[in-house]
Amino acid sequence: MKGLDLLKKPAVAALLAFLAGLFLGLVVLGWYAWPVEWKDADPSYLNADYATDYLRMAIDSHRLSNDNEIAIQRYQALGDLGPTALAAILDNPGSMDTNAILNFKDVVENAVSGEPATPEAEPGTTTTAKIAIIVIILVLVGAVGFFLFKYILPLFRRFTSDDSAARRAQNLTSQTQMTNYEAMGEEAPIAQFMTTYVLGDDLFDDSFSIEAQTGEFLGECGIGISETIGVGEPKKVTAFEVWLFDKNDIQTVTKVLMSAHAYNDPATFQRLEAKGEPFLLEPGKQVVLETKALQLVAVVSEMKYAGEPLPEKSHMERLTLELAVWPKEIVPE
């Protein structure tokens, strides 16, 4: 489908992520979830017409109370709008007492310089608050956009691809029975997962959280594409990385599962060996990964090589892998 093909282009995906983040940040969060409420805003933020009306009321109040200090405060609160508003009133006094206007003008223009009647911190505080709100909104928009671009869009593309490779992989996974270690007389693992790769699932990268029975987070494990061969789409995967992360350890342990072609090719073998200990992909193959507190056994439950035009046994048609994790007794250092 053309619409889905467009989503594969990074520029289009980034634009969609930005627009979605902008909508969520401004409309959903900014206007509905947490709308900004202005309270006790400084008069200097009024437009010219409202500033003139405000000053007319201040002059009227001064005519009745004759309180010079309050008059100065109200005039200075307008900031740069004060002189403009006062000049507009002098040009068009309307029904106001001209003497009252002139008296007010003399008071505010002859005010002794010094500590301003209205504390300077208040306008600055309001401006700072505005800037802070704008920054927060931009950060939220950026975070939402990044999340959509990094996680949601890849998942959307993965599960709505034309050949539905990820969905077929899910079906294969659900049809594969996990190993019953207890029936074999062994201790049951604290975590057990099954995952399947199918040719065409170019975004294949599964990860799983490892938790104790109490719900305590112990680490993570997973499998992803390590190496491809040839060109064009879909990707032809010739090697996978199986990894184990232990929260009590300082590093992630990685093993590389390689096709027969990659395993027997010296250049490819040497290149992949730098990523982790290499193993040849074989049905029933067991690969053990150990960290300070965890042990993972990865078992090749089912596998099938793809055919031509690439070399024989060079890339996978499908691969189903079972991951089982047991705790290890931590050896004191």
Exercise for review: Determine, step by step, whether S226 and L272 satisfy the side-chain contact (heavy atoms from CB on, under 4.5 Å) criterion, reporting the C-alpha distance in whole Å, the side-chain angles of both residues, the deciding distance to 0.1 Å, and the verdict.
Suggested key: CA-CA 8 Å; S226 178; L272 292 177; 3.8 Å; yes
Mark yes when over 12 heavy atoms from residues, nucleotides or ligands other than [X] sit less than 6.0 Å from its [atom1]; otherwise mark no.
{"X": "E312", "atom1": "CD", "value": "no"}
{"X": "K285", "atom1": "NZ", "value": "yes"}
{"X": "D80", "atom1": "CG", "value": "no"}

Flag side-chain contact, heavy atom, 4.5 Å: [X] against [Y]:
{"X": "D97", "Y": "N103", "result": "no"}
{"X": "V325", "Y": "P189", "result": "no"}
{"X": "Y305", "Y": "M316", "result": "yes"}
{"X": "N66", "Y": "N68", "result": "yes"}

For the side chain of [X] and the backbone of [Y], is there at least one donor-acceptor N/O pair under 3.5 Å apart?
{"X": "S61", "Y": "M57", "result": "no"}
{"X": "K328", "Y": "T291", "result": "yes"}
{"X": "K236", "Y": "P234", "result": "yes"}

Could you see if [X] belongs to whatever hydrophobic cluster contains [Y]? Use Ile, Leu, Val, Met, Phe, Trp, Tyr and a side-chain cutoff under 4.5 Å.
{"X": "L102", "Y": "V108", "result": "yes"}
{"X": "V242", "Y": "I225", "result": "yes"}
{"X": "L81", "Y": "I101", "result": "yes"}
{"X": "M194", "Y": "L321", "result": "no"}
{"X": "V237", "Y": "L199", "result": "yes"}

Can you see which heavy atom on [X] is nearest to which on [Y], and at what distance?
{"X": "Y263", "Y": "F269", "result": "O-CD1, 3.4 Å"}
{"X": "L244", "Y": "C221", "result": "CD1-CB, 4.1 Å"}
{"X": "A191", "Y": "I210", "result": "CB-CG2, 4.2 Å"}
{"X": "P93", "Y": "R56", "result": "O-NH1, 3.3 Å"}

Measuring from [X]:[atom1] to [Y]:[atom2], what's the distance to the nearest 0.5 Å?
{"X": "F104", "Y": "L90", "atom1": "CZ", "atom2": "CG", "result": "10.5 Å"}
{"X": "T268", "Y": "R271", "atom1": "OG1", "atom2": "CZ", "result": "4.5 Å"}
{"X": "F208", "Y": "E220", "atom1": "CZ", "atom2": "CD", "result": "11.0 Å"}
{"X": "H261", "Y": "L281", "atom1": "NE2", "atom2": "CG", "result": "14.0 Å"}
{"X": "T195", "Y": "E322", "atom1": "OG1", "atom2": "CD", "result": "11.5 Å"}
{"X": "I223", "Y": "T196", "atom1": "CD1", "atom2": "OG1", "result": "9.5 Å"}

Applying salt bridge (Lys or Arg N to Asp or Glu O under 4.0 Å), can you list everything that pairs with [X], at least two apart in sequence or on another chain?
{"X": "E273", "answer": "none"}
{"X": "K247", "answer": "E216"}
{"X": "E241", "answer": "K275"}

Practice item. Just grab all the ring pair (Phe, Tyr, Trp, His ring centres under 6.0 Å) pairs involving residues 227-253, residues at least two apart or on different chains. Key: Y197-F240
Donor-acceptor pairs under 3.5 angstrom involving side-chain atoms of residues 296-303: please list them, not counting sequence neighbours.
{"unit_1": "E302", "atom_1": "OE1", "unit_2": "R318", "atom_2": "NE", "d": "3.2"}
{"unit_1": "E302", "atom_1": "OE2", "unit_2": "R318", "atom_2": "NE", "d": "2.9"}
{"unit_1": "E302", "atom_1": "OE2", "unit_2": "R318", "atom_2": "NH2", "d": "3.1"}

Check your understanding: Quick one: do the T238 and S314 side chains pair a donor with an acceptor below 3.5 Å?
Key -> no
Solution key, residues 249-257 side-chain donor-acceptor pairs under 3.5 Å, sequence neighbours excluded:
{"unit_1": "D249", "atom_1": "OD2", "unit_2": "K292", "atom_2": "N", "d": "3.1"}
{"unit_1": "K255", "atom_1": "NZ", "unit_2": "E277", "atom_2": "OE1", "d": "3.4"}
{"unit_1": "K255", "atom_1": "NZ", "unit_2": "V288", "atom_2": "O", "d": "2.7"}

